[in-house]
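Here is the structure we will look at.
This one's a predicted model, so the numbers in the text were calculated from it and none came from an experiment. Note on naming: letters A, B, ... go to the chains in the order of the sequence lines (proteins, then strands), and numbering restarts at 1 for each one. Because only heavy atoms are used, hydrogens play no part in the values below, and waters and symmetry mates are left out as well, while side chains stay in.
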Amino acid sequence: MEYFLELFFGGLTRGSIYALIAIGYTMVYGIIQLINFAHGEIYMIGAFTALIAASALSIEGFGGWSLLVLAGFIAIVYSAAYGFTLEKIAYKPLRKASRLSPLISAIGMSIFLQNYVLLAQTSDFLPFPPLIEEFSFLEQVTVMRSSELLILSVTAVSTALLTLFIKFTRMGKAMRAVAQDKTMAMLLGVNVDRVISVTFIIGSTLAAIGGVLISSHIGQINFYIGFIAGIKAFTAAVLGGIGSLPGAVLGGMVLGWTESFATGYVSSDYEDVFAFGLLVFILIFRPAGILGKSTAEKI
Amino acid sequence: MLEVRDIRTFYGAIQALKGVSIWVTEGEIVALIGANGAGKSTLLMTICGVVPPRSGEILFMGNPIQNLSPDRIFSLGIVQVPEGRRIFPLLTVQENLDMGAYLRNDKGAVRSDMEYVFSIFPRLAERRRQLGGTLSGGEQQMLALSRGLMARPRMLLLDEPSLGLAPVLVATIFDTIRHINRDNSTTLLLVEQKAAMALHIAGRGYVLENGTIKLQDIADQLLCNKEVKSAYLGGS
């Protein structure tokens, strides 16, 4: 039972990170029908920024929670700036092009950003400092680590805040309106460019939060982590139903558990087999994803 | 109030408007009639900045607006209720109306405008928590018109407000349009295939054919015009 719980919370942690990244995929897809393949790189850049910021800040004497919060904040600002710029440079000029062009541009940006970090930093794994403090009340608990609890809570709080934002604020309503009918939103005075920028900033912010937390949990990063996490989170988004926010969270959790249990009960070698096997399985029986609405596309 | 001078608009290589000029003075209702594909909707989209013209000029209150973005043009008070209603299907009736007031910050006035549209269309008040996509065609048209009104337009561009509606509803919609014009002194540019009804409430009218203005006159004259009669009024 204890082993099961350990795997359960491990899966939930993984799932939370996948969910945080998947939200970025699903929101961008919802608004401009683009799979932003460079999204994983934003997560990776968040992790690297936090590493650099934490190193610098700890020299300045920061430590404990303030170090995590400050480094995390800097990572968020950087990642959001990258996400914002990415859209302006790589996608906005292609807005009127065929759907394939921005997709290729996205893959190009993904490769570019990976190599940019590879050159600017290193190809080796770098140790990531454990920024998350241990909770004293978890000392007796063996099935869950402090960092896991923090990742879970942060994910829950940020997705709840995002849901409220989308449901109740003026910008949130505009985002939903743009997702449903861009031209009509324009005709009601919505600055569509700004809505798209905000979407990228929100997605990048969540990806950065995920990047900082999971790196601190795992303890090492390299330039390639964004690609792997990005592909997995994209899988989660598709699994849950791309374009659906609750779908992204659910997809992330399902994927996290699948991997965790496959690793724990079968073998860690089969982790990806189970993850993508599940994707194929879902796509056969529910092509629109678990929570996705099947839309008959008019040809 | 609005002056469109010799605009030419293209969709890719296809020229939809081949030098169209119209003008609308403050407070009047102008009808724009024409067959399918004549370029009526394109003209409205061009005025609103969604499909900018390749050449020509559009003046609103004396200022050129042909190079402004749609949201800027909207903020000047030019509001379009487009063809096909284009209700946001997954927003509630209430949220659809909120979107009409998207740029407004005068909360109190927004609330009283909301009450005003609910008083014209009580059906919408009953269904305010329902999703837009679940409304019937007639209700959607009421919602589309109300959403436009929530913007407090100085000039309202209506594209086929009667399309696909039962005759009883068509009369209601046209009544409302006349009210909007009279009560709020909102200037109206009305695109309609139901030419007779449109010309009855309009002061002047234009006939658009193949991307050019074929005829223009005061509405009563157009109603008597032989060509208009045979082509757009069912020959009676």
Exercise for the section: Under 4.5 Å heavy-atom distance to chain A, tell me which part of B:Met45 shows up: side chain, backbone, both or neither. Expected result: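 B:Met45 touches chain A through side-chain heavy atoms alone.
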Handout entry: Contacting moiety of B:Pro89, where chain A heavy atoms sit under 4.5 Å
Key =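 Both backbone and side chain.
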Problem - Considering all heavy atoms, the nearest A:Lys167-B:Glu95 contact - result: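 Minimum heavy-atom separation between A:Lys167 and B:Glu95: O-OE2, 4.0 Å.
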Practice task
Please confirm whether the backbone N or O of B:Leu90 pairs with a side-chain atom of A:Gln180, one donor and one acceptor, at under 3.5 Å?
Solution key: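 Indeed, once roles are kept as given, a pair shorter than 3.5 Å links the two residues.
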Handout entry: A:Arg170 side chain to B:Tyr102 backbone, donor-acceptor under 3.5 Å
Key =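 Side chain of A:Arg170 to backbone of B:Tyr102, a donor-acceptor pair under 3.5 Å: yes, one is there.
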Surrounding [atom1] of [X] (heavy atoms of other residues, nucleotides or ligands, distance under 6.0 Å), is the total greater than 12?
| X | atom1 | answer |
| --- | --- | --- |
| A:Phe37 | CZ | yes |
| A:Phe281 | CZ | no |
| B:Tyr11 | OH | yes |
| B:Phe121 | CZ | yes |
| A:Phe165 | CZ | yes |
| B:Asp106 | CG | yes |
| A:Leu161 | CG | yes |

Practice task
Considering only heavy atoms and a distance below 4.5 Å, find which of A:Ala174, A:Ala179, A:Ala177 pairs most often with chain B.
Solution key: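 Among the listed options, the one with the most contacts to chain B is A:Ala177.
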Between [atom1] on residue [X] and [atom2] on residue [Y], distance to nearest 0.5 Å:
| X | Y | atom1 | atom2 | result |
| --- | --- | --- | --- | --- |
| B:Leu103 | A:Leu188 | CG | CG | 9.0 Å |
| B:Ser69 | A:Met186 | OG | CE | 9.0 Å |
| B:Ile78 | A:Leu187 | CD1 | CG | 11.5 Å |
| A:Lys173 | B:Asp98 | NZ | CG | 3.5 Å |

Exercise for the section: Could you walk me through whether B:Asn96 and A:Met184 pass side chain to side chain contact (heavy atoms under 4.5 Å, CB included), step by step? Expected result: CA-CA 11 Å; B:Asn96 267 284; A:Met184 190 60 231; over 6 Å; no
Handout entry: Side-chain heavy atoms of A:Asn191 within contact of B:Arg72, under 4.5 Å
Key =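 The answer is no; the side chains never approach within 4.5 Å.
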